[in-house]
There are 2 protein chains.
Amino acid sequence: MVATKLKTRKEQIFEIATQLFKERGFSATSMRDLAKQVGLEPASLYSHFKSKEEILSKICFGIADQFYIAIQPINQKQLPANEKLRQALEAHIDVIINNADAAAVFLHDWKFLNESNLEEFLSLRKNYESIFIELIRQGIKEGIFRDVNEKFLMMNIFSAMNWVYEWYSPAGSMSAEEIANNLTNFILNGIIKL
Amino acid sequence: MVATKLKTRKEQIFEIATQLFKERGFSATSMRDLAKQVGLEPASLYSHFKSKEEILSKICFGIADQFYIAIQPINQKQLPANEKLRQALEAHIDVIINNADAAAVFLHDWKFLNESNLEEFLSLRKNYESIFIELIRQGIKEGIFRDVNEKFLMMNIFSAMNWVYEWYSPAGSMSAEEIANNLTNFILNGIIKL
DNA sequence: CCTACCGATCGGTAGG
DNA sequence: CCTACCGATCGGTAGG
């Protein structure tokens with residue numbers, strides 16, 4: 001077990017907000033709901049966050065950052081495309097599993113970001129996806145992957161990965177490692193040329 | 001092209017509600033938004049639907065019905081498990097593609113159903129999923145599928161299918177048939193024993 | 001971090 | 001299908 005870290009009030013609010021947004025959705029969660037769960041008066045939340053949307057944006061960009069941090073060292077390695085993709089998939093799944101609530105919010109509620117945050121978010125996402133598209137393209141060129149539209153394959157891959165938070169449970173019968181490993185196999189088998 | 005069907009006002013409201021729920025989410029869509037898009041006063045909506053939740057439940061159970069109607073004849077055939085599963089996957093994907101908006105609402109907003117509807121919904125879903133689990137179990141027994149936890153495989157399969165509505169577009173470069181066919185291959189390759 | 005409060009908007013109803 | 005309206009709740013601010 002990891003040593004329990006003392007949490008600031010701000011961190012407490014952030015964590016509980018993440019849970020509530022995941023469970024009920026961003027727009028169905030009120031600042032009053034959140035305040036009640038934290039044990040504060042609603043107005044007190046605004047000493048820590050300037051708006052409900054600010055909490056959402058911290059969640060979304062926090063996950064985006066983690067995805068980037070996880071993939072960069074992998075992408076710089078000298079490896080065949082399928083091995084690189086395997087590592088990239090495992091890294092992506094790890095981020096989701098280790099931040100299940102935040103990942104769910106990232107995936108479903110980004111559309112409630114305000115205009116400028118939304119723009120940045122979509123740009124980051126497109127950039128991240130293009131890393132995977134490039135890996136797929138290389139794999140096809142090397143004759144390892146099936147020759148299917150690479151954007152289609154990229155979407156398939158993310159589809160398969162992005163629901164992990166729905167059914168991963170620390171108490172479940174499969175460990176995080178097993179899940180990452182099995183799911184990566186599932187995906188790679190799906191695109192490898194037979 | 002199919003002959004354009006004359007739509008009742010009720011059908012118009014239903015269709016526009018489905019679009020709005022898909023775009024903005026159920027709880028972020030107000031009856032006033034809906035009325036405006038339809039071209040009515042908000043109160044007039046209540047001549048056609050007794051509540052906002054009733055519209056949601058019609059969307060969710062409508063899609064549930066279609067999934068059941070599509071799978072029943074397939075499930076009764078005498079076929080090897082992998083062929084049966086192939087047909088089941090294609091049928092499921094067809095329903096999603098042909099009802100992209102409603103399918104998105106079904107997948108994301110079912111949690112806003114009221115208590116008794118929610119109970120029925122979850123029961124139907126569990127039942128439907130168990131058909132797939134049984135097919136997978138048979139495939140494993142016949143030695144066709146990889147011997148992995150069948151619930152895990154079922155979740156993988158639905159994960160891979162249930163985002164189709166996100167990126168399927170009638171104007172896109174792949175037809176509905178191509179998508180259903182390719183995605184089914186992707187999934188089957190993922191679970192077939194190599 | 002709280003009390004007190006704002007204007008806006010919500011789902012829905014009465015009555016025609 | 002509309003006018004008129006209800007009580008409840010929303011995100012957020014002023015001021016301490």
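Everything numeric here is computed off the predicted structure, so don't read it as measured data. Protein chains get the first letters and strands the later ones, always in sequence-line order, with residue 1 at the start of each.
The residue A:S27 sits apart from the nucleic acid: no heavy atom pair falls under 4.0 Å.
Of all nucleotides listed (D:dG11, C:dG12, C:dT13), D:dG11 comes nearest to the side chain of A:Y46. Nearest to the side-chain atoms of B:H48 among the listed nucleotides C:dC1, C:dC2, D:dC1 stands D:dC1. Considering only the side chain of B:S44, D:dC2 comes nearest among D:dG11, C:dG11, D:dC2. Relative to the side chain of B:R9, the nucleotides D:dC1, C:dC2, D:dG11 differ in distance, and D:dC1 lies closest. Taking every side-chain heavy atom of B:M31 into account, C:dG11 is the closest of C:dT13, C:dC1, C:dG11. Between C:dC1, D:dG11, D:dC5, one nucleotide has an atom nearer to the side chain of A:R32 than all others, and that is D:dG11. Of the candidate nucleotides C:dG11, D:dC1, D:dC10, D:dC1 has the atom nearest to the side chain of B:L40.
Less than 6.0 angstrom separates the ring centroid of B:F67 from the ring centroid of B:F106.
Both A:D33 and A:A43 sit near DNA chain D, but only A:D33 has its closest nucleotide nearer the 5' end.
Here CG of B:L45 is found 15.0 Å from NZ of B:K50. Values are rounded to the nearest 0.5 Å. To the nearest 0.5 Å, the span separating CZ on A:R32 from CG on A:L40 amounts to 14.0 Å.
Straight-line distance from the NZ atom of A:K10 to the P atom of C:dC1: 12 Å, rounded to whole Å. The distance between atom CD of B:E41 and atom C1' of C:dG11, rounded to the nearest whole Å, is 16 Å. Distance, A:L45 CG to D:dC10 P: 13 Å, rounded to whole Å. Remark: P of D:dC10 and CZ of A:F26 are 13 Å apart, rounded to the nearest angstrom. Whole-Å rounding puts the B:L34 CG to C:dG11 P distance at 10 Å. Rounded to an integer number of Å, the gap from A:Q12 CD to C:dC1 C1' is 14 Å. Taking atom CD1 on A:I13 and atom C1' on C:dC1, their separation rounds to 10 Å, with Å as the unit. Spacing between atom NZ of B:K36 and atom P of C:dG11 amounts to 14 Å, rounded to whole angstrom units.
Of the charged side-chain nitrogens involved, at least one lies within less than 4.0 Å of a carboxylate oxygen, so that B:E134 and B:R137 count as a salt-bridged pair.
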statement: Here DNA chain C, pairs taken as Watson-Crick or G-U under 3.5 Å and shown with ( ), [ ] when crossing and | when to another strand, reads ||||||||||||||||
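Look at B:S30 and you'll find a side-chain N or O under 4.0 angstrom from OP1 or OP2 of C:dC10.
With no hydrogens or angles considered, a side-chain donor-acceptor pair links A:E53 and A:N117 at under 3.5 Å.
Hydrophobic clustering keeps B:V95 apart from B:I74 (ILVMFWY residues linked when any side-chain heavy atoms are closer than 4.5 Å, directly or through intermediates).
Side chains of B:F132 and B:E150 form no contact here, defined as non-hydrogen atoms less than 4.5 Å apart. Side-chain atoms of B:Q87 and B:K77, non-hydrogen and from C-beta on, do get closer than 4.5 Å to each other.
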